[in-house]
Asker: 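Here it is, the structure, as structure tokens.
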Amino acid sequence: MQQREEKQLEASVDSLISRVAHLKNALNNFIYKLENEFERLAWPSVLDNFALVSGQLNTINKLLRNEKTPSFRNQVIIPLELSPDRDDELAKLTEQRVPVFSHEIVPDHLRTKPDPEVEEMEKQLSAEAARLGPEAAQKQIQTLNKLCSNLLEKLNNPREDRDPESSAIRQSKPSFNPADTLALVGAVAFGKGLSKCRPPGPGAPGQGPMMGGGPTLQQVTIGGASGQPGKMPSSIKTNIKSASGSMHPYNR
């Protein structure tokens with residue numbers, strides 16, 4: 001009876017190793033395509049690789065749940081010999097991943113429980129879940145389901161349906177005022193709407209003192225002997241003509 005169970009266990013282990021090898025080859029091929037053929041890799045090909053890996057995982061799960069497969073949880077692995085020296089046979093079996101079977105490697109490879117840090121995180125999460133009431137948990141579940149539903153709806157809608165909506169939104173909400181734009185163009189190109197009056201300031205005629213505090217320029221009316229405006233004495237006319245002629249560069 002014991003010998004029969006041992007043979008059954010050995011056959012189950014061999015079948016499991018074969019399934020895992022197929023899964024490993026599929027993963028290696030998929031990773032190679034992602035790293036070296038990503039430029040010409042089409043989405044249907046990616047989905048096919050995912051489907052292949054998923055199918056192989058389901059096959060392994062069915063094999064483990066089979067009634068004829070012995071429960072591997074009841075099997076205990078005990079290291080009979082530990083050595084810090086290199087083991088070529090072990091390196092060949094593990095594809096050079098485990099060259100030695102020492103005290104440092106055994107706790108990692110024969111571990112049946114998660115790391116202490118992972119166990120501590122799981123305990124914290126379990127404690128938080130226990131403190132959360134049913135009503136609060138239900139609200140969070142509903143919120144998460146709503147967010148997922150909205151996201152799936154946006155992803156499922158074709159792009160053609162989303163573009164008209166976005167263009168309509170852009171057209172209904174202009175980002176500028178046409179009247180202000182036309183007024184600005186008219187002012188820059190044609191001076192439309194600009195004031196023609198010169199603002200008062202220092203040096204402006206008739207508005208204040210000249211440079212250096214000189215006298216103010218004002219309109220002067222020169223009268224003759226008869227007191228009539230607009231008539232200038234002949235002596236003054238002669239002096240003005242001579243002064244203007246002496247200042248002209250061509251009359252020097």
Asker: Listed by chain and number, what are the side chain to side chain contact (heavy atoms under 4.5 Å, CB included) partners of P79, not counting sequence neighbours?
Answerer: L82, F101, V106, L110
Asker: Going by the rule salt bridge (charged side-chain N to carboxylate O under 4.0 Å, His left out), which residues pair with R65 if we only count those two or more places apart in sequence or in a different chain?
Answerer: none
Asker: So E35 and I31, side-chain contact (heavy atoms from CB on, under 4.5 Å) or not? Walk me through it.
Answerer: CA-CA 6 Å; E35 293 179 349; I31 292 173; 3.6 Å; yes
Asker: I'd like to check the side-chain hydrogen bond (donor to acceptor under 3.5 Å, both in side chains) partners of D180; sequence neighbours left out, ordered by chain and number.
Answerer: N177
Asker: Take atom CD of E10 as the centre, draw a 6.0 Å sphere, and report whether it contains more than 12 heavy atoms from other residues, nucleotides or ligands.
Answerer: no
Asker: Can you list everything that forms a side-chain hydrogen bond (donor to acceptor under 3.5 Å, both in side chains) with D115? Sequence neighbours excluded, please.
Answerer: R111
Asker: Is there a path of hydrophobic side-chain contacts, each under 4.5 Å between heavy atoms of I, L, V, M, F, W or Y residues, that connects L93 with V98?
Answerer: no
Asker: Go through the structure and list residues passing side chain to side chain contact (heavy atoms under 4.5 Å, CB included) with Y32, not counting sequence neighbours.
Answerer: N36, E37
Asker: Show me the donor-acceptor pairs within less than 3.5 Å that the side chains of residues 117-139 make with the rest of the protein, sequence neighbours left out.
Answerer:
residue	atom	partner	partner atom	Å
S126	OG	E122	O	2.8

Asker: Assess whether side-chain contact (heavy atoms from CB on, under 4.5 Å) is satisfied between L151 and L155, documenting all intermediate values.
Answerer: CA-CA 6 Å; L151 181 59; L155 293 176; 4.1 Å; yes
Asker: Is there a path of hydrophobic side-chain contacts, each under 4.5 Å between heavy atoms of I, L, V, M, F, W or Y residues, that connects I77 with I105?
Answerer: yes
Asker: So, taking the atom named CZ in R4 and the one named CG in L9, what distance separates them when rounded to the nearest 0.5 Å?
Answerer: 14.0 Å
Asker: Taking only residues at least two apart or on different chains, which pairs with a member in residues 50-64 satisfy side chain to side chain donor-acceptor pair (under 3.5 Å)?
Answerer: none
Asker: Going by the rule side-chain hydrogen bond (donor to acceptor under 3.5 Å, both in side chains), which residues pair with D88 if we only count those two or more places apart in sequence or in a different chain?
Answerer: R86
Asker: Side chains of S15 and L63: does their closest heavy-atom pair fall under 4.5 Å?
Answerer: yes
Asker: If two hydrophobic side chains count as joined below 4.5 Å and joins carry through other members, does V53 share a cluster with V20?
Answerer: yes
Asker: Identify whether W43 and L34 are in the same connected component of the hydrophobic contact network (ILVMFWY, side-chain heavy atoms under 4.5 Å).
Answerer: yes
Asker: Can you tell me how far the CG atom of L152 sits from the SG atom of C148, to the nearest 0.5 Å?
Answerer: 6.5 Å
Asker: When you measure from the side chain of S12 to the backbone of T69, do you find a donor-acceptor pair of N or O atoms at a distance under 3.5 Å?
Answerer: no
Asker: Decide whether L27 and I17 are clustered together by the hydrophobic rule: side chain heavy atoms of Ile, Leu, Val, Met, Phe, Trp, Tyr closer than 4.5 Å, transitively.
Answerer: yes
Asker: Which residues pass the side chain to side chain contact (heavy atoms under 4.5 Å, CB included) test with L64, sequence neighbours left out?
Answerer: L16, I60, F72
Asker: Can you list the other members of the hydrophobic cluster that holds V188, where links are side-chain heavy atoms under 4.5 angstrom apart?
Answerer: L184
Asker: Is there a donor-acceptor contact under 3.5 Å from the side chain of Q8 to the main chain of P70?
Answerer: no
Asker: State the CD1-CG distance between I141 and N145, to the nearest 0.5 angstrom.
Answerer: 7.5 Å
Asker: Not counting sequence neighbours, which residues clear side-chain hydrogen bond (donor to acceptor under 3.5 Å, both in side chains) with K24? List them please.
Answerer: E95
Asker: Tell me every residue that passes side chain to side chain contact (heavy atoms under 4.5 Å, CB included) with F50, counting only those two or more places apart in sequence or in another chain.
Answerer: F30, V46
